[in-house]
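So the structure is just underneath, and the comments pick up after that.
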Amino acid sequence: MCFTLLARPHATVTDVWSSTTEVLEGRSCCMVLLNYLAHKRTESGLVAGITISVPWDALKFSSSMEEPLNWLLFNRHITKSLHQILNRHRKILEKVVDVDYVLKARSIREFDERFTSLMFGYNSCMDYYRDASPGKKLPNTRVPIQCLNAADDPFSPQSAFPVSIVQDLPNVALVLTAHGGHIAFLQGFFPRGESYMERLFGQFVHAVFEHPKEIKRACGIKEEQMKD
């Protein structure tokens with residue numbers, strides 16, 4: 001549902017574009033990256049992170065997906081895909097969960113209640129959603145992070161944006177646009193060229209690898225902190 005840049009240390013701009021398997025890694029949900037950066041702090045092994053259309057609050061994401069139009073356009077299709085994945089591994093998973101019961105889930109939240117939260121050892125789906133939400137964990141991050149979100153993204157409601165938290169964090173830049181949807185951010189009347197998302201991505205990568213000292217200084221990051 002979003003794209004994640006994992007910028008590894010000791011790389012150059014040339015490395016980024018000529019050997020992406022060593023420098024960049026994609027993820028289907030940037031919530032994982034932000035939670036990882038908050039948990040590992042200075043020991044993440046990464047020099048920077050960028051997220052695009054990250055759902056800041058799992059509960060608000062789930063609630064948004066249950067609105068009539070969003071349920072019709074997104075929720076039922078995502079739930080169907082989850083059923084297909086579950087069925088694909090049925091022989092293994094039926095040893096630990098009631099697969100038939102899980103397959104009766106009609107929404108993402110029901111699927112998480114019956115399967116995801118239990119598989120990860122949570123007492124309830126609410127506990128799982130609370131732990132998965134990265135917004136309040138941002139103060140624990142220690143590398144430069146750029147986050148791009150759109151106010152009209154149904155996967156990440158505007159009410160969940162951690163604006164007040166980011167205001168006190170020199171290492172986190174929250175870029176908000178009025179439009180852009182979920183991982184779209186198109187530009188121009190005929191958006192056939194570079195998108196705003198791609199332009200911002202390229203500029204951030206360039207800054208991280210070409211001006212590392214300036215970036216760290218602006219983020220209040222000391223060299224010894226990155227080595228600890």
Side-chain angles (χ1 to χ4, degrees), residues 1-6 24 26-35 37-38 48-82 105-112 116 125-126 128-139 141 144-169 171-205 207:
M1 297 178 186
C2 57
F3 182 81
T4 297
L5 158 68
L6 302 186
L24 300 178
R27 283 286 181 267
S28 62
C29 187
C30 342
M31 297 164 75
V32 176
L33 170 66
L34 293 176
N35 285 328
L37 291 175
I50 183 171
T51 68
I52 299 172
S53 300
V54 61
W56 290 102
D57 187 301
L59 179 59
K60 290 184 178 181
F61 151 75
S62 182
S63 297
S64 176
M65 288 294 99
E66 290 165 0
E67 294 178 4
L69 182 59
N70 290 340
W71 185 88
L72 182 66
L73 294 176
F74 309 113
N75 202 328
R76 67 192 185 100
H77 295 293
I78 294 175
T79 303
K80 183 179 179 180
S81 296
L82 292 172
R106 299 187 67 253
S107 67
I108 298 171
R109 190 198 300 254
E110 285 188 2
F111 186 89
D112 287 338
T116 316
C125 186
M126 289 296 294
Y128 165 59
Y129 282 170
R130 190 178 301 110
D131 201 29
S133 302
K136 294 181 179 179
K137 301 175 186 177
L138 285 175
T141 60
I145 302 172
Q146 182 170 269
C147 307
L148 175 62
N149 282 91
D152 61 354
D153 183 354
F155 289 82
S156 187
Q158 187 175 1
S159 61
F161 295 167
V163 177
S164 60
I165 295 176
V166 171
Q167 287 177 340
D168 296 324
L169 301 177
N171 67 305
V172 181
L174 179 59
V175 183
L176 304 177
T177 62
H179 304 287
H182 192 68
I183 334 175
F185 300 98
L186 303 179
Q187 289 188 134
F189 194 74
F190 295 103
R192 298 179 180 179
E194 182 183 50
S195 69
Y196 178 73
M197 174 176 65
E198 294 167 331
R199 182 158 58 91
L200 200 67
F201 177 90
Q203 290 173 351
F204 185 71
V205 170

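We're numbering straight along the sequence, starting at 1. Values below: all heavy atoms of this structure, side chains included; hydrogens, waters and symmetry mates excluded.
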Requested in this report: Count the heavy atoms of every other residue, nucleotide or ligand shown that sit under 6.0 Å from CZ of Arg199, and state whether that count exceeds 12.
Outcome: yes

Report task. Please round to the nearest 0.5 Å and tell me the distance separating atom CG of Leu186 and atom CD of Glu198. Result -> 9.0 Å

Report task. Give a yes or no on whether a salt bridge exists between Asp57 and Lys136, defined as a side-chain N under 4.0 angstrom from a carboxylate O. Result -> no

Query - Partners meeting side chain to side chain donor-acceptor pair (under 3.5 Å) with Arg130 (sequence neighbours left out) - result: Asp127

Query raised in the report: Would a distance-only check, ignoring hydrogens and angles, find a side-chain to backbone donor-acceptor pair under 3.5 Å from Asn75 to Ile108?
Result: yes

Query raised in the report: Are Phe155 and Ile183 close enough, and set up right, to give a side chain to side chain contact (heavy atoms under 4.5 Å, CB included), and what steps lead you there?
Result: CA-CA 10 Å; Phe155 289 82; Ile183 334 175; over 6 Å; no

Requested in this report: Check whether any side-chain heavy atom of Ile52 lies under 4.5 Å from a side-chain heavy atom of Cys30, and answer yes or no.
Outcome: no

Report summary line: Tightest non-hydrogen contact, residues Gln146 and Leu200, listed as NE2-CG, 3.3 Å

Report summary line: CG of Leu138 to CG of Asn35, rounded to nearest 0.5 Å, is 9.0 Å

Report task. Please name the pair of heavy atoms, one in Ser63 and one in Arg109, separated by the smallest distance, quoted to 0.1 Å. Result -> OG-NH2, 3.2 Å

**Report entry** Closest non-hydrogen atom pair between Val172 and Val166, with its separation
**Finding:** O-CG1, 3.4 Å

Query raised in the report: Between atom CG of Leu34 and atom OG of Ser133, what is the distance when rounded to the nearest 0.5 Å?
Result: 11.0 Å

Report summary line: All heavy atoms of Arg106 vs all of Thr79, minimum pair found to be C-CG2, 4.0 Å

Report summary line: Hits for side chain to side chain contact (heavy atoms under 4.5 Å, CB included) against Gln158, two or more places apart or cross-chain, chain-then-number order -> Ala151, Phe161

Query raised in the report: Any side-chain heavy atom of Pro162 sitting closer than 4.5 Å to one from Leu174?
Result: yes

Requested in this report: Check the pair Leu176, Val163 against side chain to side chain contact (heavy atoms under 4.5 Å, CB included), reporting the backbone distance first and the verdict last.
Outcome: CA-CA 10 Å; Leu176 304 177; Val163 177; 4.0 Å; yes

Query raised in the report: Quick one: CD1 on Ile78 to CZ on Phe111, what's the gap to the nearest 0.5 Å?
Result: 12.0 Å

Report summary line: Smallest heavy-atom separation, Ser64 atom then Pro157 atom, equals CB-CG, 3.7 Å

Requested in this report: Would you indicate whether His77, at its atom NE2, is surrounded by more than 12 heavy atoms from other residues, nucleotides or ligands within a distance under 6.0 Å?
Outcome: yes

**Report entry** Side chain Lys137, main chain Asp131, donor-acceptor under 3.5 Å
**Finding:** yes

Query raised in the report: With a 4.5 Å heavy-atom cut-off, do Trp56 and Pro134 have their side chains touching?
Result: yes

Report summary line: Residues at least two apart in sequence or cross-chain that pass side chain to side chain contact (heavy atoms under 4.5 Å, CB included) with Thr177, listed by chain then number, are Leu148, Ala150, Phe185, Tyr196

Query - Intermediate values then yes/no, side chain to side chain contact (heavy atoms under 4.5 Å, CB included), Glu66 and Asn70 - result: CA-CA 6 Å; Glu66 290 165 0; Asn70 290 340; over 6 Å; no

Report summary line: Between Met31 and Ala58, the two heavy atoms sitting closest are CE-CB, 4.0 Å

Query raised in the report: Is there a donor-acceptor contact under 3.5 Å from the side chain of Asp152 to the main chain of Gly180?
Result: yes

Report task. Please round to the nearest 0.5 Å and tell me the distance separating atom OG1 of Thr51 and atom CG of Asn149. Result -> 6.0 Å

Query raised in the report: Does Leu169 reach the side chain of Pro139, with side-chain heavy atoms less than 4.5 Å apart?
Result: yes

Query - Residues Asp112 and Tyr129: side-chain donor-acceptor under 3.5 angstrom - result: yes

